[in-house]
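Report on one structure; see the data block that follows.
Note on naming: letters A, B, ... go to the chains in the order of the sequence lines (proteins, then strands), and numbering restarts at 1 for each one. Owing to the predicted nature of the structure, the values given are computational and were not obtained by experimental measurement.
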Protein chains: 2
Amino acid sequence: MGTISKALTLLDTLSLMQSEAGLTEIAKACDLDKATARRFLVELEKHGFVEQLAESRKYRIGSAPVRLGRIREACYPFLRTAMPFVKRLVEEVDETVHLSEFTGGRLSTVHVEDSTKAHRVFVAVGTLLPFHATASGLAFISSCPAADIEAAISAPLQSYTDYTLTDPASFRQSIEQTQADGYSVSRQGLEAGVISTSAAILTPGARPVGCITIAAPLVRADAGKVREHGLAAASTARRISDAFFGADRQVRTVPQSRRTN
Amino acid sequence: MGTISKALTLLDTLSLMQSEAGLTEIAKACDLDKATARRFLVELEKHGFVEQLAESRKYRIGSAPVRLGRIREACYPFLRTAMPFVKRLVEEVDETVHLSEFTGGRLSTVHVEDSTKAHRVFVAVGTLLPFHATASGLAFISSCPAADIEAAISAPLQSYTDYTLTDPASFRQSIEQTQADGYSVSRQGLEAGVISTSAAILTPGARPVGCITIAAPLVRADAGKVREHGLAAASTARRISDAFFGADRQVRTVPQSRRTN
DNA sequence: GCAATCGGTTCACTATTCAAACCGACGCTT
DNA sequence: AAGCGTCGGTTTGAATAGTGAACCGATTGC
């Protein structure tokens, strides 16, 4: 593993620690030598990727990623890219489809497209989606590194309905099922009478950035429908990912003064 | 300069290039060897900080900074941190105060707090603030690296009123004045009858992240008032910066015995 | 078909990183 | 107040990783 990878892993690890962390703690968490961790932190700090608090001497994530993230979002906005695919999916399955995004350690709904049916599921933009109680959460966590999965499983599992997965073992089994299928299903996990199917939208590096989820009334969703929704969601997720990361979007050809020295 | 610094500089440089860039172009821009630039890009890509487009082979900034930036914003939100200071400033000067933030290459208004006076200036959240035509823009650009300043000066300078600075020379002079004063002034640059004073909110690394701006009707703002507003804005900007980046950032108290670059 | 340039690779040379011991400071217990 | 554990931070030479000039094959323009 190269130096840069290690430094970025440190940054990642630091971002996952809630609040600030001390040098020794960081070094331990990243499995780095204290001296090395310190040098990394100093270099990262120079560029604003981490900050050190003067009095406590602790480190926390800096504001540089905010700046870079905004530039990225301004050039290649996730929502605008994904929207047409969400609409297409609604037309295909005629059920409410919502798009979620991982934000500050939490998965939340960023866009909802309703089905045309009178009897349909309503989802509010901004809804937080627990990993264990929603199809979106399941799809998301199932694509995360093993460490995150374990953390999610061992966290307290709040119950929302009589059907919420509150048992770590069944949560784990659902994750495994999701990984095998390529999509997740949550039967009344968050709200009674609703069955949701979801697939994670992945970066080229296979990190999940969000989910595309179909929410249908229980009465309309037999096993066949659920599978159909799952496959449709997975296929849409892949297409969003391609559009967002892969396929050349050719935003604008750089005017580019005559270089060629 | 260490490997990590070089890699982060590359990331920074890439973020400043609008659209995608090729390997050779990036290497040249960062003054790195092609081989080195490539290794950096590969490592950065592994962590999602850059992406390579499959067919054009070009690189662009990735989605990892978005994720990190969101975590940072969730833990230490700029707006929530700055708001009380904005309110305090309104009480102090009793004129409309607005807070702007640099977002994806543009400066825009993110919050407005009105004065209690009936005759006051109205500013809409979301307003884009051109560098040459607003106090906010002037304050912001004046705290940027020289290269950005030159780029702003040589960009086309759109006229909004009869008083807008459309001449590069006077624009440059205003920037120099701003740097000398620690605050900026725009007399009717964007809208007739309004005089604004602004100060940039800086990171510990002296990068501007946004501005705090006082907008007053021209009739109420004599030279003394303008100076008073300028100093109040500068002082508030500093306090926001302190609150946001660590209430206690001073010169290192640690004996930095070894001066590693 | 030549020249220039592209993205990407190789490999001898060299700068960085590692690990462990160390320092002074702080906080706790006795 | 002495003893202990831990903190952030530093030093050391041996081990390891990064570096960059030259190179490769593929495109592109003339």
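B:E45 pairs by the side chain to side chain contact (heavy atoms under 4.5 Å, CB included) definition with B:V50, B:Q52, not counting sequence neighbours.
For the residue pair A:L14 and A:Y59, the shortest heavy atom distance occurs at CD1-O, 3.9 Å. Minimum interatomic distance between B:A7 and B:L44 (heavy atoms only, all atoms of both residues): O-CD1, 4.0 Å.
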Candidate pair A:R238 and A:S241, rule side-chain hydrogen bond (donor to acceptor under 3.5 Å, both in side chains), full reasoning: CA-CA 5 Å; A:R238 187 155 332 120; A:S241 178; over 6 Å; no
Show your working on side-chain contact (heavy atoms from CB on, under 4.5 Å) between A:V86 and A:H111 and close with a plain yes or no. CA-CA 9 Å; A:V86 176; A:H111 184 70; 4.3 Å; yes
Given the rule in the side-chain contact (heavy atoms from CB on, under 4.5 Å) test, do B:L8 and A:F49 qualify, once you have shown the distances and angles that lead to the verdict? CA-CA 9 Å; B:L8 296 180; A:F49 283 77; 4.0 Å; yes
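For the helix from C:dG1-D:dC30 to C:dT30-D:dA1, the angle separating the two terminal helix axes comes to 40°, with each axis derived from five pairs and the value rounded to 10°.
Atom-to-atom, CG of A:L41 to C1' of C:dT17 comes out at 15 Å; the value is rounded to the nearest Å.
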Do nucleotides 15-20 of chain D as a string where each nucleotide becomes B, S or -: B if the base has a protein heavy atom under 4.0 Å, S if just the sugar-phosphate does, - if no protein is that close. --SSBB
Base, backbone or nothing for each nucleotide of nucleotides 25-30 of chain D, written B, S, -, heavy atoms under 4.0 angstrom, 5' to 3'? ------
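At a threshold of 4.0 Å, the pair B:K58-B:E25 does not count as salt-bridged, since none of the basic side-chain nitrogens sits closer than that to a carboxylate oxygen. The pair B:R38-B:D33 fails the salt-bridge criterion, with no side-chain N (NZ, NE, NH1 or NH2) lying under 4.0 Å from an Asp/Glu carboxylate O.
A cation-pi arrangement is present between B:R60 and A:Y76, with the terminal nitrogen or guanidinium carbon under 6.0 Å from the aromatic centre and inside a 45° cone about the axis.
Within a 6.0 Å radius of CZ in B:R239, more than 12 heavy atoms belonging to other residues, nucleotides or ligands are found.
The backbone N or O of A:Q158 lies less than 3.5 Å from a partner atom in the side chain of A:H132, making a donor-acceptor pair.
Contacts classified as side-chain hydrogen bond (donor to acceptor under 3.5 Å, both in side chains) and involving residues 138-152 of chain A (residues at least two apart or in different chains) are given here: A:E150-A:R172.
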Between the protein and nucleotides 6-8 of chain D, list every N/O to N/O distance that falls short of 3.5 Å.
residue, atom, partner, partner atom, Å
D:dG8, OP1, A:L23, N, 2.9
D:dG8, OP2, A:T24, N, 2.8
D:dG8, OP2, A:T24, OG1, 2.2

